[in-house]
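Below is one structure, written out as structure tokens; the observations come after it.
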Amino acid sequence: MRGRPLLYTSYEADQALLNTTTKRVMLGLFFLVLISIPFQVVPGLKFLGQEDWLRLLTTAAIFVIGALGLNILTGLAGQVSLGHSFFMAIGAYVAVWLGGPEGGPLIGLGLPIWIWLPAAGIIAALVGVAVGPTAVRVRGLYLAIVTLGLVFIGEYIWRNWDSLTGGAQVGRDFPPLQVRLWKEEPPLLDFTTPSTWFGVEFSGAAKAFFLMTVFAAVSALLAKNLQRTRVGRAFMSIRDRDIAAEIMGVNEFAYKLLAFGISSFYAGIAGALLASFVTRVIPERWDLFLSVQFIAIIFIGGAGTVTGTFLGTAFVILLPRIVQNFTLWLQAVATEGEGILAAIADVFVATTPNDFGLVNTFAGVGPGLSVAQLNLVLYGLLIIGFLIFEPFGLYGIWLRIRNYWKGWPFTY
Amino acid sequence: MRRKSKWLAILLVLGLVLAACGDGEGGETTTTAAGEEETTTTAAPSEETTTTATGAEIATDVGVDLEAGTITVGLLSDLSGPFAPLVTVINTGHDIYWQSVNADGGVNGLQVELEVRDTAYVVDTHVQLYEELKSQVVAFGHSTGSPQTVAINPSLQADGILAIPLTWYSGWSDPAINANLVPHGVPYCIESMNMIEYLTLQAPDATTIAIASSPGDYGEDSNAGAVLAAEALGLEVVYDGTGRINAADEATLAEVASGIAGSGAELVWVTTSPTPFGSIYGQALATGFEALWSGAGPTWNPALVGPDSPIKDALARDFYISQYYAPWAAESEGNAMVRDLVAEFAPDAPPLDYYAEGVIEASILHQALLAAYEAGDMTQAGVLAAAKSLESVTFNGLAPDETYVGEPNDRVQRAQFISRPDPAGLAGGASTGATLIESNYTSPIAEAFEFTEACFKLG
Amino acid sequence: MTPGFVVLAQETPASNEFAQMLVDGISFGAIYALLAMGFVIIFKATSVLNFAHGALTGLGAFLVAAFVTVLDFPGRYLTSLPEWAQWSANAITALLVAALFGALLERVFLRPMVGEALFAVAIVTLGVDIVVRTITNDWMGTQPRPLGAPWGLNTVDLGWVRISWSEIIQIVVTVVLLGLIVLFFRTRTGVAMRATAFDQETARAQGIRVGRVFSLAWAIGAFLAGVAGLFYSIYPRRATGVDQSTAFIAFRAFPAVIIGGLDSLLGAVVGGFAVGLAEAAANAYLKFEVLGSGFPGIVGYLMMMVVLLIRPYGLFGTPEIRRV
């Protein structure tokens with residue numbers, strides 16, 4: 001129906017994930033742009049193909065996977081959880097237990113990726129299911145504190161379990177992103193070093209980027225699909241009115257366990273991939289701030305929506321880099337520019353150790369916030385700002401823009 | 001409320017778009033020799049050979065721009081994490097050194113610029129920022145933290161870039177690891193040998209020692225040396241709290257303090273950061289425990305004997321400060337140079353010992369750049385090779401001489417400085433809280449120690 | 001410096017370990033009790049789960065350090081009084097400023113969220129925590145700031161137990177503050193606060209200025225957090241003073257709040273002392289090699305989980321009545 005996009009003539013069409021042409025086209029374009037990034041063909045986005053930006057985008061893809069899990073638990077099923085970093089850590093350490101080198105001073109079995117990656121997710125899911133019954137007994141804000149406790153208990157375990165984690169402040173190397181059939185060298189597929197596929201040369205960063213994008217796409221598909229299945233509807237009913245849901249026959253206990261399990265599966269996979277990508281992680285990495293980052297992603301992006309998760313992740317992961325570049329640009333304007341723009345920039349940036357500025361970027365001591373502190377402050381302000389002004393996050397902003405233009409010029 | 005938030009939302013999105021556009025295309029304040037285009041940097045950057053004003057042919061690739069006349073040096077610093085107090089001051093040291101060099105004409109006419117990044121002591125941020133800077137800088141003036149430097153070491157080797165580690169882990173003198181690293185200063189395990197032996201000179205009747213440390217390479221390496229020292233000197237280790245100090249958890253501090261105090265040791269070697277050390281010392285002191293104390297360099301901070309500190313007098317009596325370089329008020333030419341640099345380029349900065357560290361790191365890099373220029377190769381690999389061929393780097397008394405050629409056992413640094421706390425001097429402004437008592441000190445056991453590999457293996 | 005009864009002791013015999021542990025537990029429990037009290041007062045009055053309590057603790061301790069060592073206000077005008085009185089005047093002024101700051105935070109960041117979902121408000125406080133903590137860290141700098149407590153390291157040794165002056169004062173101050181708060185709830189404003197805690201809308205209908213009550217609750221919470229921060233930054237906890245890690249002590253007080261029940265003041269005090277004693281006991285007796293380091297730090301959370309399994313709303317909390 002060309003002129004009547006909202007007229008659905010079958011149940012399948014109504015329930016389809018990409019039920020409008022616009023959605024199909026936009027998604028196709030999005031994927032095309034994503035694939036093209038390492039080749040640097042799209043004008044205006046060429047800088048994304050540089051190795052450090054590719055690394056950032058790959059990290060964002062990994063965070064998307066974890067955030068999707070938290071979105072299912074908190075956005076869909078309404079269960080507050082601050083313990084996401086705990087489950088990510090479990091995934092990472094299961095991965096290294098199974099995939100780490102054999103016979104060394106630290107625990108490892110040398111198994112290939114097609115064993116350790118799924119196992120990371122599955123075992124994290126089992127732990128999530130074990131934690132689940134607390135969610136039934138304990139509600140709302142109390143659950144938040146219990147999951148907070150999980151993070152601290154996790155920190156204690158990882159710090160002390162030297163043979164697995166390498167010990168506090170030391171850490172260990174994680175199994176690299178290489179595909180082998182069993183334990184032989186060399187690997188069949190290697191996502192860490194440059195090589196030639198189909199006659200085109202790819203860098204290690206580009207290959208890792210493609211791999212993570214594929215994983216993220218698959219996870220997003222599964223998460224989006226979940227929303228329209230029976231399980232998804234059960235989750236939403238528990239989120240909205242769980243007593244009423246129970247009366248209607250939704251088994252609160254089973255579904256809460258399932259929600260924790262699914263969310264922890266995503267978290268475990270994300271944790272294993274993150275550790276593998278970064279190659280070396282110290283046990284202090286899995287701290288409360290990591291959990292807070294995921295909460296921020298969910299709420300800035302829009303709780304309960306997959307698109308929101310993508311938007312939120314892009315925002316949170318790319319923010320530090322953007323702030324850094326912006327500050328450097330301001331500094332350049334303040335020192336080398338002229339006129340009123342330079343004067344304004346000078347107020348914000350301190351150019352020498354004795355200059356006043358909101359932010360200082362040079363080497364050394366001085367007044368004002370450092371770039372990292374500025375990042376944190378912006379971070380906190382954004383969380384507050386979005387929750388006060390736009391509870392549906394970036395997705396909500398997008399909805400407003402879209403609805404404005406849908407009704408244009410009759411926007412009232 | 002609706003209208004307000006709509007406009008706010010549009011502003012936010014616009015701001016984001018503007019900011020994103022502001023980067024990538026010349027948002028950096030430095031120029032790279034690899035051209036104006038943003039290209040992938042996975043392949044080796046294109047080498048150019050340009051002729052300088054003097055007619056010599058110099059090869060360059062990244063970080064050196066002969067036309068613009070600049071050299072770019074990277075600093076991977078911890079400016080907001082646990083070692084920020086030291087590193088922010090060290091960075092000032094770098095800054096004033098290069099300002100002075102630039103004012104004198106730079107490195108053979110090339111002005112040196114610094115690209116500083118804050119890693120907050122987080123390993124992934126460190127790796128990420130390394131990836132970002134490696135296509136902009138010719139070498140790294142420092143890389144903060146042992147696990148962090150270990151994490152980028154394979155990439156350093158693959159990319160052929162030089163880095164100076166800002167940690168004194170003994171592994172940096174181990175040829176199996178240090179192909180791209182030029183360490184300086186006495187490593188932790190040899191430092192503990194020096195200091196413990198010095199303590200036995202102050203208390204010749206002592207037969208027992210207690211040791212404790214934070215976990216990780218810092219504490220383990222230092223305590224490994226302490227154990228070796230105890231063996232060599234015939235001391236009995238009556239309490240071993242290696243890896244037990246957790247700065248965030250005072251229960252561990254209380255435990256270590258009571259362990260040390262209860263052991264009745266006559267000498268104590270503690271390797272951690274200043275704040276937990278202060279707590280442990282104070283708690284042990286309150287039980288009436290008396291001994292001679294010392295610890296690895298980063299354990300000390302002048303705030304421990306600040307005017308409001310309750311432990312300042314006791315520390316002045318009991319503690320011996322271990323340092324890798326001479327403190328601020330020392331009488332050497334090198335120290336005078338540091339004082340002059342601070343007076344000229346950072347006149348409002350307070351007197352602190354740590355500028356010296358920045359000056360030392362910058363000096364080493366300066367020597368490497370000069371040698372690379374002489375050799376006609378200022379590519380990243382050329383600067384690395386030049387650094388590794390430096391036979392003697394001197395600091396005019398600020399720090400012991402360094403050499404980067406020869407057998408590990410011959411070139412590992414064994415000399416250091418020893419000071420005593422000076423609360424009166426700190427309060428009066430005359431000193432930075434440390435009074436030098438020994439320069440270029442090497443203990444006999446450190447001298448005799450056979451160094452072939454790291455004292456503590458880092459994963 | 002007031003002269004103290006400093007008697008240098010020999011090794012404490014094992015039989016006194018229990019008494020020493022009790023003393024340590026009670027004094028540490030006092031800090032937790034203060035934090036829990038502040039937290040519960042804020043929760044009761046405004047229904048906000050305050051994740052920013054750590055930031056308030058760090059800020060309060062930092063303000064005390066600033067007022068005592070740098071500003072010396074109003075101590076510099078009170079030179080006729082002994083030193084400890086000057087110090088106390090400075091400290092109390094600093095804490096009042098911290099309380100003002102707490103009220104300001106509430107007005108700016110939390111007033112717009114009145115009526116929103118509780119979880120959303122809790123996340124806003126998480127954002128506030130990040131902002132306030134980062135700015136405080138920036139002001140504070142990277143060096144620890146000493147608080148210059150006038151009683152220093154002085155310790156009383158009663159033979160069978162050692163207790164520092166610091167710890168005695170902590171316990172006394174906690175009890176006094178608890179008493180003051182109980183008295184406060186009997187005043188007109190206190191009754192207004194209780195009414196607001198019970199039912200905001202009805203209280204408003206009765207003419208109570210609910211906004212003022214909210215600000216006051218946050219001011220009291222910030223004051224108590226500052227006192228706890230003060231005691232956490234002096235001997236015997238940290239001889240070097242307040243630094244960037246001081247704020248994290250508040251996270252150790254969360255179990256105390258939950259054990260007692262989110263909306264019970266008595267529960268907060270009981271929970272605080274319970275967690276303090278548990279940590280001291282773990283520190284004294286659970287020294288097995290297999291436990292590694294830092295176990296006393298999570299004992300509170302483990303205890304909390306056990307209590308929640310038995311009583312999901314804490315020991316003294318009121319069960320939530322859920323309507324369909």
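First the proteins, then the strands, lettered A, B, ... as listed; each starts at 1. The shown structure was predicted, so the numbers you read here are calculated from the model rather than taken from an experiment.
By the side chain to side chain donor-acceptor pair (under 3.5 Å) test, Asn251(A) pairs with no residue at all, sequence neighbours left out. Contacts of Phe119(C) classified as ring-ring contact (aromatic ring centres under 6.0 Å, His included), with partners at least two apart in sequence or in another chain: Phe299(A).
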Could you give me the CA-CA distance, side-chain angles and deciding distance for Tyr301(C) and Leu148(A), then say whether side chain to side chain contact (heavy atoms under 4.5 Å, CB included) is met? CA-CA 9 Å; Tyr301(C) 279 96; Leu148(A) 181 68; 3.7 Å; yes
Residue pair Gln373(A), Ile135(C): steps toward the side chain to side chain contact (heavy atoms under 4.5 Å, CB included) verdict: CA-CA 8 Å; Gln373(A) 286 172 330; Ile135(C) 296 183; over 6 Å; no
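In this structure, Ile130(C) CD1 and Phe289(A) CZ are separated by 5.5 Å, a value rounded to the nearest 0.5 Å. With rounding to the nearest 0.5 angstrom, the CG atom of Leu141(A) is 5.5 Å from the CG atom of Leu118(C).
Looking only at side-chain heavy atoms (C-beta outward), Ile383(A) and Val124(C) stay at 4.5 Å or farther from each other. In this structure, the side chains of Val146(A) and Met305(C) come closer than 4.5 Å at one or more pairs of heavy atoms. Looking at Leu376(A) and Arg133(C), their side chains never come closer than 4.5 Å, going by heavy atoms from C-beta outward. Under the 4.5 Å side-chain criterion, counting only non-hydrogen atoms from C-beta, Val299(C) is not in contact with Tyr156(A).
Of all heavy-atom pairs between Ile384(A) and Gly127(C), the closest is CD1-C, 3.8 Å. For the pair Leu82(A) and Phe51(C), the tightest heavy-atom approach, listed with the atom from each and the gap, is CD1-CZ, 3.6 Å.
Along residues 243-252 of chain C, the residues that come nearer than 4.5 angstrom to chain A, judged on non-hydrogen atoms, are Phe251(C) in order of number. Contacts of residues 233-240 of chain A with chain C at a heavy-atom distance below 4.5 Å are absent; not one residue qualifies.
Of the two parts of Leu378(A), neither the backbone nor the side chain holds a non-hydrogen atom closer than 4.5 Å to a non-hydrogen atom of chain C. Proximity to chain A is limited to the backbone of Ile310(C), based on heavy atoms less than 4.5 angstrom apart. Only the side chain of Leu126(C) comes within contact range of chain A, with at least one heavy atom under 4.5 Å from a heavy atom of that chain. Residue Ile145(A) touches chain C through both its backbone and its side chain, counting heavy-atom pairs closer than 4.5 Å.
When each of Asp162(A), Leu150(A), Leu387(A), Leu381(A) is scored by its heavy-atom pairs under 4.5 Å with chain C, the top score falls to Leu387(A). Contact count against chain A (heavy-atom pairs under 4.5 Å) is highest for Ile123(C) among Val132(C), Thr125(C), Leu49(C), Ile123(C).
Between Tyr142(A) and Tyr313(C), the ring planes lie perpendicular to each other; the angle is over 60°, past the 30° to 60° tilted range.
Enclosure of atom CZ in Arg111(C) by more than 12 non-hydrogen atoms of other residues, nucleotides or ligands within 6.0 angstrom is indicated.
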